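Below, chain A is the first sequence line, B the second, and so on; all start at residue 1. Everything numeric in this text was worked out from a predicted model, so none of it was measured.
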Amino acid sequence: MKGAIVDLSREAAPRETTVDYLVIGSGCGGATAARELARAGKEVLVLEEGGDFTGGALTMRDGMYDQLYMERGGRATVDLSITVLQGRALGGGGVINASDVVPIGPGVLRHWQTQYGLSELTPEALAPYEKLALEDLSANTPRDDQINTNNALLRDGARALNLRGEVMLHNRRGCVGFGKCLVGCPVDAKRNPRFVAVPDAVAAGARFFLRARAMRIDRGNDELKTVEVRTLDEKGYHEQGELRVRARTVILAANAVASAELLLRSGLGNAHVGRNLSLQPQLPIVAFFDREVQLFRGIPQSYAVTEFEQLDHPEHGLWGFRIEGIGGTAGIMASLLPKLGHEGKALMKTLPRMAASLLLVPDAGNGRVSLGRPGRPRIEYAMPEEQKQRYRDAIRAAARIYLAAGAREVIVPLARPISIRSAADLALVDGASFEPATAPFLSAHQQGSVRMAPSPARGAADPGGQVYGTRGIYVLDSSGFPTSASSHTMTPILTMSRYLTARILAR
Amino acid sequence: MSALAGFSVLSRRRALKVALGALGGVVVGVSGLASLRGCAKDVGALRCLSDHEHRTLTALAIALFPEGGAFAGGAAGVDLARTFDAFLADEDADRRSDLKRALLLLEYGPVLFERRLVTFSNLAPEGRLAHFERWAVSERLVRRQVALAFRKFLTIVFYDRPEIWPDIGYVIAPTGAP
């Protein structure tokens with residue numbers, strides 16, 4: 001079979017198609033699975049809602065959010081407290097993430113074995129798949145001269161306080177430091193699925209339909225499922241046509257929000273579907289220096305303070321918190337600043353001297369996906385007090401680090417912003433209540449909404465990823481993770497997709 | 001990025017409840033409210049905003065980004081409301097009406113929440129900013145949501161313009177590392 005990438009906003013597709021394997025989503029989970037299946041000689045079709053964006057089409061402007069993210073960049077929890085960032089492009093989240101490579105730690109795997117009964121998922125069993133994932137990513141450590149000032153200040157402050165930290169592995173090759181990775185890389189330096197698994201899959205015979213939205217799965221007689229598909233216009237705004245795909249096996253890899261939503265809309269799976277959603281919300285923090293930082297240039301996220309991260313928490317696996325440098329466009333930075341009007345403009349005048357980081361706080365699956373208006377999932381999230389306390393701890397730690405690095409002021413960009421100029425101000429953080437829609441939380445690592453477990457009493461999918469109550473419908477993305485797999489999900493998804501695809505092929 | 005795309009909480013029932021709750025004690029009828037708003041100039045060729053809605057959003061943009069100060073450029077010469085109009089036109093009908101309701105709530109904010117006989121667009125720019133800042137810290141979730149959403153949209157669109165970048169030292173050039 002001849003592989004191809006077909007944009008259905010421009011080219012007509014047959015109204016009915018039958019394949020062995022239908023993969024929904026072309027990101028780290030979907031593209032990887034498609035490649036392995038196609039290489040095994042299977043007939044594979046992949047559906048992707050987004051378009052194909054590479055090179056100069058990625059303009060580094062904020063307008064790209066419209067095309068590269070679900071709901072035009074505005075997906076959020078129902079109370080607007082947390083922006084939910086989810087890629088929508090050929091290559092999925094890998095196109096728009098910060099390129100951090102952080103595998104699943106052995107502590108998390110042990111936790112999944114002991115607490116969630118995934119007894120076969122040992123570090124030894126996963127190791128060969130993780131190795132292949134790291135090869136796909138061309139994982140490497142950024143050179144010293146690639147650590148930009150923003151990240152170096154975090155590192156220097158942490159060192160001054162004797163706090164543990166690390167330069168993170170990344171998946172860039174040929175990076176020139178444009179620094180706008182969250183709206184895609186115009187020099188195609190990211191070794192994401194768009195440039196690795198997708199072309200490999202096409203070469204092996206897989207077909208990709210772009211601007212194709214899976215609406216509903218009809219399980220039929222279980223042998224042959226029927227998936228109702230709507231085609232979208234060139235910008236992905238409006239539905240313009242429909243087709244049906246029949247498949248013996250359907251693989252969901254549309255992210256922990258969309259995969260759960262599709263199952264719910266199709267009436268498939270058990271009562272666990274949509275529950276246990278981990279959003280791992282991140283809170284930005286901004287520091288002002290008297291020197292040039294230019295956080296918008298160079299690799300945005302390369303250094304992490306890991307001192308406070310617990311990799312083997314007995315109750316939760318991954319816990320605690322970590323602090324990572326982050327850069328963004330002028331618009332994104334401005335949206336974080338506490339002042340408006342003339343004061344806001346004066347603050348923006350100091351943009352080149354601002355530093356910023358993200359406080360990453362793993363959560364316990366406090367979220368839920370359910371059905372909202374047509375095409376819009378409803379995402380609810382309740383943040384317990386214990387989690388809020390870890391944000392307060394993380395703010396205090398980050399502020400100490402920035403002050404040690406010479407910051408003049410640290411701002412916590414809440415609706416009532418907190419300004420920290422000395423250690424004496426740290427007590428102000430106790431007053432941060434994180435009421436809904438008062439803090440710029442964002443989620444880039446959604447997980448767990450179709451979690452794997454050894455029995456349907458405890459989860460929504462079996463340890464091989466097959467959705468309970470179905471035959472031949474699998475989840476191969478972060479939906480299946482029982483708890484937060486890592487502070488960054490790209491490598492865990494690639495690894496698990498490889499592992500689970502091998503199991504599917506072995507059945 | 002459009003923070004507004006996630007704006008699906010302002011259902012008709014909720015908006016009505018908020019508005020009626022806030023109206024308690026304000027002795028102004030529907031026709032009185034309409035007359036407070038006054039006329040809006042015809043801006044022409046809008047895809048889905050009304051002239052009044054365009055005026056509300058423009059008034060907000062000018063309050064958030066005034067001319068002069070730390071750097072010359074402000075929102076007065078830039079039609080940020082038209083960008084919003086273009087965005088809104090490609091949203092679904094439900095979301096369009098949610099956001100139009102949010103604009104209406106903002107326009108009547110001084111009447112509904114502060115019991116003043118003036119609408120948002122008719123406040124002086126400094127008064128508009130002060131009023132809008134009170135939305136962000138309001139006890140009412142819906143006011144915080146409206147503030148968060150419009151502020152984010154307008155801020156990102158305002159600073160995503162290359163002509164403003166030299167003023168704030170922002171560049172998109174590479175660092176030059178091979």
Side-chain angles (χ1 to χ4, degrees), chain A residues 60-63 65-66 69 71-80 83-84 143 145-146 148 174-180 187 235 237-238 294 296-298 329-335 337 340-342 344-349 351-352 372-376 378 415-416 435-438 440, chain B residues 1-9 63-66 68-71 73-74 87 89-92 94-95 125-126 129-130 132-133 136-139 141-145 147-149 151-162 164-165 167-178:
Chain A
M60 298 187 281
R61 303 280 297 278
D62 284 316
Y65 281 100
D66 183 85
Y69 286 76
E71 294 187 47
R72 307 171 72 185
R75 180 159 279 183
T77 53
V78 71
D79 62 1
L80 292 194
T83 300
V84 178
R143 301 184 311 270
D145 66 303
Q146 289 181 303
N148 69 4
C175 171
V176 297
F178 273 116
K180 313 297 181 296
V187 294
K235 295 214 160 188
Y237 295 155
H238 307 289
Q294 296 203 339
F296 42 80
R297 301 184 79 178
T329 59
I332 293 293
M333 290 308 298
S335 73
L337 295 180
L340 296 165
H342 284 299
K345 287 178 71 180
L347 268 184
M348 275 306 283
K349 188 83 179 162
L351 176 66
R373 291 172 175 170
R376 312 265 192 216
R378 180 181 171 87
R416 294 183 193 277
E435 290 302 305
T438 61
Chain B
M1 172 195 266
S2 157
L4 292 161
F7 203 117
S8 57
V9 288
L64 300 186
F65 312 108
F71 53 91
F87 160 79
D90 286 313
E91 286 293 296
D92 63 46
D94 283 343
R95 191 163 283 176
E126 305 76 35
L129 180 62
F132 184 73
E133 286 179 329
V137 294
S138 168
E139 291 295 309
L141 175 61
V142 71
R143 290 185 70 190
R144 299 201 300 271
Q145 291 167 328
L148 187 74
R151 176 195 160 148
K152 199 165 176 182
F153 184 93
L154 292 173
T155 301
I156 290 174
V157 174
F158 180 73
Y159 284 106
D160 190 34
R161 297 175 307 123
I164 215 91
W165 296 347
D167 289 327
I168 56 172
Y170 177 67
V171 291
I172 61 169
T175 54

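- Among the candidates B:Asp94, B:Ile164, B:Thr155, B:Asp92, the residue making the largest number of heavy-atom pairs closer than 4.5 Å to chain A is B:Asp94.
- Between the side chain of A:Asn148 and the backbone N or O of A:Arg297 there is at least one donor-acceptor pair closer than 3.5 Å.
- Ranking B:Phe65, B:Phe132, B:Trp165 against chain A, the residue ahead of the rest is B:Trp165, based on heavy-atom pairs under 4.5 Å.
- Within the 6.0 Å centre-distance limit, the rings of B:Phe153 and B:Phe87 are counted as a close aromatic pair.
- In terms of heavy atoms, B:Val137 sits closest to A:Ala415 at CG1-O, 3.6 Å.
- Across A:Ser335 and B:Ile156, no two heavy atoms sit closer than the pair CB-CG1, 4.3 Å.
- In the displayed structure, B:Arg161 atom CZ is contacted under 6.0 Å by more than 12 heavy atoms of other residues, nucleotides or ligands.
- Contact tally against chain B (heavy-atom pairs below 4.5 Å) for A:Arg61, A:His342, A:Met60: the top residue is A:Arg61.
- In this structure, A:Lys235 and B:Asp90 have side chains that are not in contact, with every pair of non-hydrogen atoms separated by 4.5 Å or more.
- Both the backbone and the side chain of B:Leu64 come within contact range of chain A, each with at least one heavy atom under 4.5 Å from a heavy atom of that chain.
- Residue B:Glu126 does not touch chain A at all, counting heavy-atom pairs closer than 4.5 Å.
- Highest contact tally toward chain A, considering only B:Gly69, B:Ala70, B:Gly74, B:Ala147, is held by B:Ala70 [criterion: heavy-atom pairs under 4.5 Å].
- Heavy atoms of A:Lys345 lying under 4.5 Å from chain B belong to its backbone as well as its side chain.
- Chain B forms more heavy-atom pairs under 4.5 Å with one residue of A:Leu347, A:Thr438, A:Val84, A:Thr329 than with any other, namely A:Thr329.
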